[in-house]
Amino acid sequence: MILVVDSGSTKTDWIALTDDGKSLFQTQTLGLNPQVLSREILRERIVNNFELYKHRKDVKALYFYGAGCGTERPRVLMRSVFDEIFTQATDIVLKEDTYAALYATATEGERSIVSILGTGSNCSYFDGTDIIQKVVSLGYVVMDDASGNYFGRQLIRDYKFGKIPEVLAQKFESEYDLSSENIKNHLYKNPNPNTYLATFARFIIENKDEEYCQSVIKEGLSVFVEHQIVLQFPDAKDIPIHFVGSIGFYLQAELKEVLNSFGLTAGKILKRPIDGLVAHHKEHILAK
């Protein structure tokens, strides 16, 4: 059995395949970001899944693409968790989630820019053969523009500073526990503060026709496009720009408008990369 895994900070998609590429089962767990989660929590989220625990000794190879796996230390942590659980796996490959987005959207031999707009955000250049990462993300505290946690942070700040229109603010507080104690507990005491912030993005998506929400959305997307795309890549106006992630997917009308204002062209916009990721493995790995 082969496991192909796409993991963000919020959720993780797992698909089990036979050696000839037939699907055995699909399942989902909470996100597995080794940058923000302890070894114990990572392990717990996997073994608490019935399908994964049941088939843990049947896994011969595992291909994991995850948020937080861009540097060596978190990859080592994630690898140790997998080694403990999937004891019969002789081939474990770990790459950052950028590769999942690339395999799901880009065309081999053609230049493109591939971005992730989900709980977090990042952007990479594909020269037709290899990924070129000019800026290494420093995570949700100082980067992640236009991500779910970015919009959540903006909403909370504006609410606390009284910048949200009164009617919209009342609706906001009726749907969430916005007490200072609750917010601070999630941000400074509980795991996954970035995922917690991203839960508020649902509100801005559901109310995106409101003038205030449009302003926050356009500003966030503009900052992302200017810094991550325009300033990084001189040929950005000549190639398609692909997006993967729920924020890009649900705000694609606004995203296309902002891209157009910069003279850029949207390529594929996918909510989840898992289907394209599986197709890539069937064609390039299992077929060999």
Side-chain angles (χ1 to χ4, degrees), residues 8-11 30-31 33 35-37 67-68 115-123 135 137-231 243 245-262 264 266 269 271:
S9 292
T10 301
K11 59 184 177 299
L30 292 174
N33 187 333
Q35 288 277 18
V36 296
L37 296 174
S115 298
I116 294 176
L117 285 180
T119 299
S121 66
N122 64 36
C123 184
V135 175
S137 175
L138 297 178
Y140 77 100
V141 175
V142 294
M143 290 190 175
D144 277 5
D145 294 327
S147 66
N149 68 70
Y150 166 91
F151 287 123
R153 184 169 63 249
Q154 295 302 114
L155 280 171
I156 291 174
R157 284 175 54 84
D158 285 355
Y159 172 78
K160 291 296 183 179
F161 286 128
K163 293 185 176 181
I164 298 180
E166 184 176 353
V167 173
L168 196 61
Q170 291 175 353
K171 184 177 182 180
F172 189 38
E173 63 190 16
S174 72
E175 296 182 14
Y176 296 90
D177 182 351
L178 298 174
S179 65
S180 297
E181 181 180 4
N182 181 63
I183 292 172
K184 287 189 287 187
N185 279 337
H186 277 92
L187 292 180
Y188 304 113
K189 293 184 178 180
N190 295 345
N192 280 80
N194 57 330
T195 302
Y196 166 71
L197 287 171
T199 61
F200 295 98
R202 175 179 61 82
F203 184 82
I204 204 167
I205 291 171
E206 292 177 348
N207 296 279
K208 68 176 187 174
D209 291 335
E210 296 285 344
E211 183 179 352
Y212 162 80
C213 293
Q214 278 289 308
S215 175
V216 173
I217 291 168
K218 297 289 180 58
E219 181 178 355
L221 291 173
S222 295
V223 170
F224 176 85
V225 170
E226 182 175 6
H227 290 171
Q228 291 281 6
I229 299 174
V230 175
L231 296 183
F243 292 87
S246 57
I247 297 299
F249 182 79
Y250 288 117
L251 297 179
Q252 57 184 287
E254 291 77 12
L255 178 58
K256 290 177 180 178
E257 183 178 335
V258 170
L259 288 171
N260 184 62
S261 71
F262 283 92
L264 304 171
I269 302 178
K271 182 180 179 182

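All values derive from a computational prediction rather than experimental measurement. Here, residue 1 is the first one in the sequence, and each next residue gets the next number.
- Between the CG atom in Asn192 and the CG atom in Leu30 there is a gap of 8.0 Å [rounded to 0.5 Å].
- To the nearest 0.5 Å, the span separating OH on Tyr159 from CD1 on Ile164 amounts to 8.5 Å.
- Shown here for Tyr196 and Leu187, the closest heavy-atom pair between the two residues is CD2-CD2, 3.9 Å.
- In this structure, the side chains of Asn33 and Thr195 stay at 4.5 Å or more apart for every pair of heavy atoms.
- For the salt bridge (charged side-chain N to carboxylate O under 4.0 Å, His left out) condition, no pair includes a residue of residues 154-165, sequence neighbours left out.
- Sorted by first and then second residue, the salt bridge (charged side-chain N to carboxylate O under 4.0 Å, His left out) pairs involving residues 172-191 (not counting sequence neighbours) are Glu175-Arg202.
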Using the side-chain contact (heavy atoms from CB on, under 4.5 Å) rule, take Ile247 and Ile205 through it: C-alpha gap first, then chi angles, then the decisive distance, then the call.
-> CA-CA 8 Å; Ile247 297 299; Ile205 291 171; 4.1 Å; yes
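- The two residues Gly31 and Leu37 have their closest heavy-atom pair at O-CD1, 3.5 Å.
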Stepwise, does the side-chain contact (heavy atoms from CB on, under 4.5 Å) test hold for Ile204 with Ile217?
-> CA-CA 8 Å; Ile204 204 167; Ile217 291 168; 4.0 Å; yes
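- Across every non-hydrogen atom of Leu168 and Cys213, the tightest pair is CD2-SG, 3.9 Å.
- When all heavy atoms of Leu117 and Ala146 are compared, the pair lying nearest together is CD2-O, 3.7 Å.
- At least one side-chain heavy atom of Leu178 sits less than 4.5 Å from a side-chain heavy atom of Phe200.
- Two residues are said to be in side-chain contact when any heavy atoms from C-beta on lie closer than 4.5 Å; Val216 and Leu155 fail this criterion.
- Within the 4.5 Å cutoff, no side-chain heavy atoms of Thr10 are placed close to those of Ser246.
- Within the structure, every pair that satisfies the salt bridge (charged side-chain N to carboxylate O under 4.0 Å, His left out) test and touches residues 246-260, not counting sequence neighbours, is listed here: Lys208-Glu254, Lys218-Glu257.
- Scanning all heavy atoms of the two residues, the minimum distance from Ile269 to Gly248 falls at CG2-O, 3.6 Å.
- Here Asp144 pairs with Ser121, Ser137, Tyr140, Ser147, Asn149 under the side chain to side chain contact (heavy atoms under 4.5 Å, CB included) rule; sequence neighbours left out.
- Between Gln35 atom CD and Asn194 atom CG the span is 10.5 Å, to the nearest 0.5 Å.
- Side-chain contact between Phe262 and Val258 is present, with at least one heavy-atom pair separated by less than 4.5 Å.
- Residue pairs meeting the ring-ring contact (aromatic ring centres under 6.0 Å, His included) criterion with at least one member in residues 203-229, sequence neighbours excluded: Phe172-Phe203.
- Atom CD of Glu219 and atom CG of Asp145 lie 10.0 Å apart (nearest 0.5 Å).
- Within a 6.0 Å sphere centred on OH of Tyr250, heavy atoms belonging to other residues, nucleotides or ligands number 12 at most.
- Between the CG atom in Leu197 and the OG atom in Ser9 there is a gap of 11.0 Å [rounded to 0.5 Å].
- With sequence neighbours excluded, the residues that form a side chain to side chain contact (heavy atoms under 4.5 Å, CB included) with Phe249 are Gln252, Lys271.
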